[in-house]
Protein chains: 2
Amino acid sequence: MVTMSDVAKAAGVSRATVSYALRGDPRITESTAKKIREVAASLHYNANLSARSLRSGRTGIIGVAIFELDRPYPSEMSAAMSREIARRGYQAIVQQTSSSKDNEIAILQKVTSQLCDGMIFSPAQVADEELRALSHGKPMVLLDDISPDPVFDSVNTACEDGAFTAVRHLINIGCKHIVAIGPSYEMLVEDRMATSVVGRRLLGCLRAFEQSDIEVGPSNFLHLPKWDPEPSRAAARAMLESARYQGVDGVFCFTDTIALSFMRGLADCGVRVPDDIAMIGFDGISDSEYSVPSLSTIRTNLDDLAHKTVDLLIRHIENEGDDGAPQRLTADYELIMRESTRRR
Amino acid sequence: MVTMSDVAKAAGVSRATVSYALRGDPRITESTAKKIREVAASLHYNANLSARSLRSGRTGIIGVAIFELDRPYPSEMSAAMSREIARRGYQAIVQQTSSSKDNEIAILQKVTSQLCDGMIFSPAQVADEELRALSHGKPMVLLDDISPDPVFDSVNTACEDGAFTAVRHLINIGCKHIVAIGPSYEMLVEDRMATSVVGRRLLGCLRAFEQSDIEVGPSNFLHLPKWDPEPSRAAARAMLESARYQGVDGVFCFTDTIALSFMRGLADCGVRVPDDIAMIGFDGISDSEYSVPSLSTIRTNLDDLAHKTVDLLIRHIENEGDDGAPQRLTADYELIMRESTRRR
DNA sequence: TTGTAAGCGTTATCAT
DNA sequence: ATGATAACGCTTACAA
């Protein structure tokens with residue numbers, strides 16, 4: 001391994017001078033700096049990150065911790081974050097939490113908070129206050145954080161407005177009996193709404209129903225305990241066979257992944273989309289464009305989400321001194337109308 | 001920040017004792033060790049990774065560098081790797097190279113080789129010999145490495161056998177005019193085959209054609225310069241409109257992502273799958289199960305791939321002394337028959 | 001069985 | 001404008 005001392009020796013200067021020169025400190029004359037850079041390059045010198053981090057506390061790395069890497073939405077989101085982080089001159093590392101609390105804690109404690117100048121985190125299990133302790137004082141921006149009095153800045157998807165737009169679109173194309181797939185009716189009844197992503201999407205649905213004077217009941221919601229493809233596919237058959245949901249002609253799935261597999265479930269039963277039942281999803285994953293029929297959806301603009309998130313975080317990293325109340329931003333979204341809601 | 005000294009002071013021992021105790025060195029009596037662990041826990045002590053890494057060269061982190069995080073196959077693969085790495089008691093970090101050479105180099109130089117005990121890398125642009133220099137002597141296992149004389153261990157997907165199986169399956173169900181979507185006919189003619197993943201899949205196709213005495217020509221291949229959804233969808237229309245490909249009744253796409261969007265392209269033109277054209281893909285991504293029609297495919301067993309890769313790597317990490325010629329393993333695969341190749 | 005002390009390669013604070 | 005020289009927090013011979 002070639003260290004800073006080697007470079008210093010080869011260039012005939014001290015280690016300190018090398019350190020300054022390589023990081024562009026104006027104290028060093030351009031001529032010596034240039035020479036040092038050349039020597040460093042010719043020796044293939046690379047700064048040791050551990051040493052730098054130990055001494056300065058900075059690494060130039062931003063961590064992204066995400067629940068699942070193998071679902072389209074989180075993976076497209078991580079990719080967008082990685083690109084934006086790289087664009088801003090940092091290195092991105094991505095970690096999978098698997099939505100397990102132990103894992104979230106381990107990741108934060110053992111690597112993210114230690115190796116990263118800041119982190120982007122989508123908390124599933126760990127509460128805000130706990131996060132503060134785990135963050136080791138490092139800046140953090142949360143995604144879709146729902147805690148009532150936030151500790152960190154956060155960037156959210158447009159849950160309520162997006163859901164409102166989705167349901168209104170179904171109403172606009174003439175749907176009379178609309179079902180939201182994902183949430184539970186109990187949640188609505190118990191009024192635990194504002195405190196979660198699901199709840200906020202539910203709120204949006206309600207607003208759309210109300211606006212059109214549609215009375216709401218259990219037959220407007222189908223609860224999905226786990227938002228995975230297989231249960232979603234099964235849910236389609238279950239819905240068609242259940243008396244409660246007879247006459248459904250419009251479905252709003254709380255994620256595109258649910259929607260695509262639900263649509264597959266409808267196909268299993270010979271139900272045509274959109275002719276028999278119109279469908280719309282949420283997220284705007286790439287697959288939604290290529291399904292047959294293609295899926296209408298509320299697309300979260302991931303570039304905008306990444307831009308806002310990374311910008312907020314880097315602002316914290318670079319002006320350590322700021323603060324004030326935690327900010328809450330919302331990512332842009334758009335309604336994308338495709339075949340699954342196309343009516344003659 | 002609470003350091004080892006704080007723990008030592010609180011427990012009334014020296015820093016060294018704390019260090020030994022916390023890492024389970026048998027020299028320390030169980031009673032003192034227990035006490036130290038308790039004190040450490042109560043102070044929320046966490047070892048500083050930079051310091052540990054600087055001193056010992058070990059971090060307990062394994063890096064996974066992958067071309068694109070937002071395509072189903074690589075993201076499902078990274079997820080499988082992450083799970084397996086965690087199962088083996090290491091922490092996984094994932095980085096996106098975006099298939100750019102600069103990026104691959106930056107990632108290896110600036111973080112992976114520095115912070116990780118070892119790395120799993122899927123080289124797109126950087127040659128094996130270059131990698132050796134960038135690896136800083138850290139162990140590395142490559143994925144689908146195709147270099148003729150390998151420097152590192154590698155684990156490959158079953159390109160040739162998988163492609164052979166796919167094409168044979170199409171032949172078995174009665175396809176007469178089969179097209180492979182992805183590779184170029186020129187590659188075959190120029191015999192640059194064994195040197196790439198594409199080439200090895202092509203080899204498998206050829207073997208299947210030969211076995212059934214099918215004569216092979218340009219009309220059996222449709223070149224796709226970029227394996228992305230949009231060009232694949234467009235390729236379907238182009239194929240149908242081209243004189244060269246009249247009468248095609250079976251299509252083998254070199255990836256599932258190509259297959260799903262190609263299938264969408266066929267739907268755009270009113271062509272039915274499998275009735276008019278049968279289709280099979282390669283990879284076995286989750287989406288392939290939920291498309292309409294569901295997609296037959298050669299599924300790479302990602303758990304097996306991850307198991308073999310991580311095992312090889314950890315073996316290197318933990319017995320620094322081994323070596324011998326680089327090993328080359330192949331991940332298990334299976335033919336999955338679904339609707340897209342179902343004939344009455 | 002435990003403590004002492006010398007680094008690991010940087011960065012930052014002084015002097016010069 | 002540059003050079004000595006302490007840290008940073010941990011690991012690990014070696015000494016006690």
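Values below: every heavy atom of this structure, side chains too, minus hydrogens, waters and symmetry copies. Each chain gets a letter, A, B and so on, in the order the sequences are listed, and its residues count up from 1.
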Check: B:Thr330 main-chain N/O paired with B:Lys308 side-chain donor or acceptor under 3.5 Å: yes

Base C:dT13 paired with A:Tyr20 side chain (donor-acceptor, <3.5 Å): yes

Between the base of C:dT10 and the side chain of A:Arg15, is there any donor-acceptor pair under 3.5 Å? yes

Whole-Å distance separating the CZ atom of A:Arg52 from the P atom of D:dG9: 18 Å

Heavy-atom nearest nucleotide on DNA chain C taken for A:Val2 and for B:Val13; more 5' hit belongs to B:Val13

For B:Val2 and B:Tyr45, which heavy atoms make the closest approach, and how far apart are they? O-CD1, 3.3 Å

Strictly below 4.0 Å: does B:Ser56 bring a side-chain N or O up to OP1 or OP2 of D:dT11? no

Please evaluate the base of D:dT11 for a donor-acceptor partner in the side chain of B:Arg55 within a cut-off of under 3.5 Å? yes

Residue-phosphate contact under 4.0 Å: B:Ser50 side-chain N/O, D:dG9 OP1/OP2: no

B:Leu49 or B:Arg27: which one's nearest nucleotide on DNA chain D is closer to the 5' end? B:Leu49

Work out which heavy atom in A:Leu312 is nearest to a heavy atom in A:Ser154; give both atom names and the distance. CD2-O, 4.4 Å

With a 4.5 Å cut-off on side-chain heavy atoms, are A:Lys101 and A:Val126 touching? yes

Calculate the interatomic distance between B:Met4 atom CE and C:dG7 atom C1'; express it in whole Å. 15 Å

Between P of C:dG9 and CG of A:Asn46, the distance in whole Å: 14 Å

Integer-rounded Å distance: D:dA7 C1' and B:Met1 CE: 15 Å

Is any side-chain N or O of A:Thr29 closer than 4.0 Å to OP1 or OP2 of D:dA1? no

If only side-chain N and O atoms of B:Thr3 are considered, is one of them under 4.0 Å from the OP1 or OP2 phosphate oxygen of D:dG9? no

Got a donor-acceptor contact below 3.5 angstrom from the B:Lys138 side chain to the B:Gly118 backbone? no

What's B:Ser19 touching, base or sugar-phosphate or nothing? Going by heavy atoms closer than 4.0 Å. base

At 4.0 Å (heavy atoms only), tell me whether A:Leu54 reaches a base, stays on the sugar-phosphate, or touches nothing. base

Does B:Ser53 reach a base, just sugar-phosphate, or nothing at all? Heavy atoms under 4.0 Å. nothing

